[in-house]
Amino acid sequence: MKIQWFPGHMHKAGKEIKESLPDIDLLIEILDARLPFSSANPLLSELRGDKPCIKILNKADLADPVRTQQWQNYLEQEDGIKTLALTAIQTDKVDTVIELCRKLIPHKATGSKVIHVLIMGIPNVGKSTLINALAGRTIAKTGNEPAVTKRQQRIDLRNGIILCDTPGMLWPNLENHNTGYRLATTGAIKDTALKHDDVASFAGEFLLHHYPESLKQRYQFQILPETDYELLQLIGKKRGCLRPGGHIDMDKVAKILLTEIRDGTLGKITLETPEMMQKELAELAIIQTQKAAKKQKRKKNWKSNK
């Protein structure tokens, strides 16, 4: 699977970010704590240069706390990166974001100098909710659908910090198909972009291997099924997702499983670890090298046949 979902406003946002960076002191990237790698935008590493960056692992209440700590340790190995794990509705912890901004830009922490902060994140990661919590008032529109924010806006927090908000951005191509599936599992990619049962099959296979006890507890399984297909079938039978003839309505089952993952009903789940991502990136590099070699060979053959 190769997902391409890059609305026009996102392309425009990428250009606007590049233009605004010279005036920015600090970057904040909102990540989904359940998938800190897949929800990160690789463009940020290229764009930020040596500017400090706070990576906020949002929705931490839905994520596996052990894996969240693993990700924080991993991310902070990079120079200039600090991390915070929080939930946007925890207003007491939101104040920590402001404190960290001042700590990272000490020459503007006191006096009349303003700290300019660029805040960004992929769709449906909770960026707008966090902005409203930081501002202490409703500024940014929130919603469960991806891509709510459509344009840049400047927000004066009235505490010496000005936020430059950006639309939620996905990168143009998601070449790692696992990344695409993970984003779809949490709802970062619109449900209309791909089939529910494909995404649920991916999620089901992951849960069988990594969170079997969560499945047993939620769906009262005595013995776990061996495959994702069998898992969806059994959930469908337990939930009465039947079509005429007694067949399981796989789309309905898929929606149930995905909803219960997204809202935390299945428990605290993280869909990736640093080790998993390093392995997948190594595999992807091999595939890309092979593709490049094939492309070069085709060009060579084409030239020799002219």
Side-chain angles (χ1 to χ4, degrees), residues 6-32 39-59 80-84 86-171 188:
F6 199 60
H9 75 272
M10 291 185 179
H11 178 72
K12 180 182 177 184
K15 293 176 66 176
E16 290 178 349
I17 287 173
K18 291 178 182 179
E19 293 170 359
S20 63
L21 272 177
D23 300 321
I24 296 299
D25 299 303
L26 168 75
L27 294 95
I28 294 178
E29 183 176 27
I30 315 298
L31 305 176
D32 189 320
S39 61
N41 193 325
L43 289 175
L44 183 59
S45 296
E46 300 173 18
L47 293 174
R48 78 176 184 92
D50 59 357
K51 294 181 187 291
C53 178
I54 302 171
K55 290 183 179 284
I56 294 177
L57 280 68
N58 202 26
K59 304 186 180 183
I81 299 292
K82 295 296 181 183
T83 65
L84 288 171
L86 54 80
T87 302
I89 59 173
Q90 295 175 308
T91 54
D92 56 328
K93 290 190 177 182
V94 165
D95 292 338
T96 308
V97 180
I98 302 298
E99 294 171 8
L100 188 52
C101 287
R102 294 188 175 125
K103 184 177 180 181
L104 291 173
I105 312 294
H107 64 284
K108 289 189 174 182
T110 58
S112 59
K113 292 184 178 179
V114 174
I115 299 174
H116 292 85
V117 178
L118 180 71
I119 186 166
M120 62 189 298
I122 67 164
N124 204 28
V125 77
K127 178 168 62 71
S128 295
T129 302
L130 180 62
I131 288 172
N132 291 338
L134 287 169
R137 59 194 189 280
T138 302
I139 298 280
K141 182 181 177 183
T142 62
N144 291 326
E145 276 291 307
V148 170
T149 305
K150 296 289 175 67
R151 60 184 177 81
Q152 276 196 357
Q153 55 180 333
R154 291 169 61 85
I155 302 160
D156 189 347
L157 299 185
R158 302 171 185 169
N159 57 10
I161 294 176
I162 293 179
L163 287 181
C164 181
D165 182 22
T166 62
M169 291 175 58
L170 284 175
W171 46 103

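The first residue in the sequence is number 1, and the count goes up from there.
- For the atom pair CG of Leu57 and CG of Leu31, the computed distance is 5.5 Å after rounding to the nearest 0.5 Å.
- Glu29 places a side-chain N or O within 3.5 Å of a backbone atom of Asn41 that can act as its donor or acceptor partner.
- Of all non-hydrogen atoms in Ile115 and Cys101, the two that sit nearest each other are CD1-O, 4.1 Å.
- The two atoms that bring Ile122 and Ala188 nearest to each other are CD1-CB, 3.7 Å, heavy atoms only.
- Atom CD1 of Ile131 is separated from atom CG of Leu163 by 6.0 Å, given to the nearest 0.5 angstrom.
- For Asn159, the side chain to side chain contact (heavy atoms under 4.5 Å, CB included) test picks out Ile98, Arg102, Leu157, Ile161, with sequence neighbours left out.
- Partners of Lys51 by side chain to side chain contact (heavy atoms under 4.5 Å, CB included), not counting sequence neighbours, listed by chain and number: Leu21, Leu27.
- Put simply, the side chain of Leu118 does not reach to within 4.5 Å of the side chain of Arg48, judged on heavy atoms.
- Leu26 and Cys53 make their closest contact through CD1-N, 4.1 Å (heavy atoms, listed as atom of the first residue, atom of the second, distance).
- The minimum heavy-atom distance between Asn124 and Lys59, with the atom names listed, is O-NZ, 2.8 Å.
- Remark: Lys82 NZ is loosely packed, at most 12 non-hydrogen atoms of other residues, nucleotides or ligands lying under 6.0 Å away.
- Evaluated for a side-chain hydrogen bond (donor to acceptor under 3.5 Å, both in side chains) with Asp25, the options Lys113, His107, Lys108 yield exactly one hit, Lys108.
- Here the CD1 atom belonging to Ile54 is positioned 9.0 Å from the CD1 atom belonging to Ile30, to the nearest 0.5 angstrom.
- The distance from atom CZ of Arg154 to atom CD1 of Ile162, rounded to the nearest 0.5 Å, is 5.0 Å.
- Note that the OG1 atom of Thr87 and the CD1 atom of Ile56 stand 11.5 Å from one another [nearest 0.5 Å].
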- Task: Verify side chain to side chain contact (heavy atoms under 4.5 Å, CB included) between Leu86 and Leu130, making sure each step is shown before the conclusion.
- Result: CA-CA 10 Å; Leu86 54 80; Leu130 180 62; 4.2 Å; yes
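- Counting all heavy atoms, side chain and backbone alike, Ser39 lies closest to Asp32 at OG-N, 3.0 Å.
- Taken to the nearest 0.5 Å, the CD1 atom of Ile105 stands 12.0 Å off from the NE2 atom of His116.
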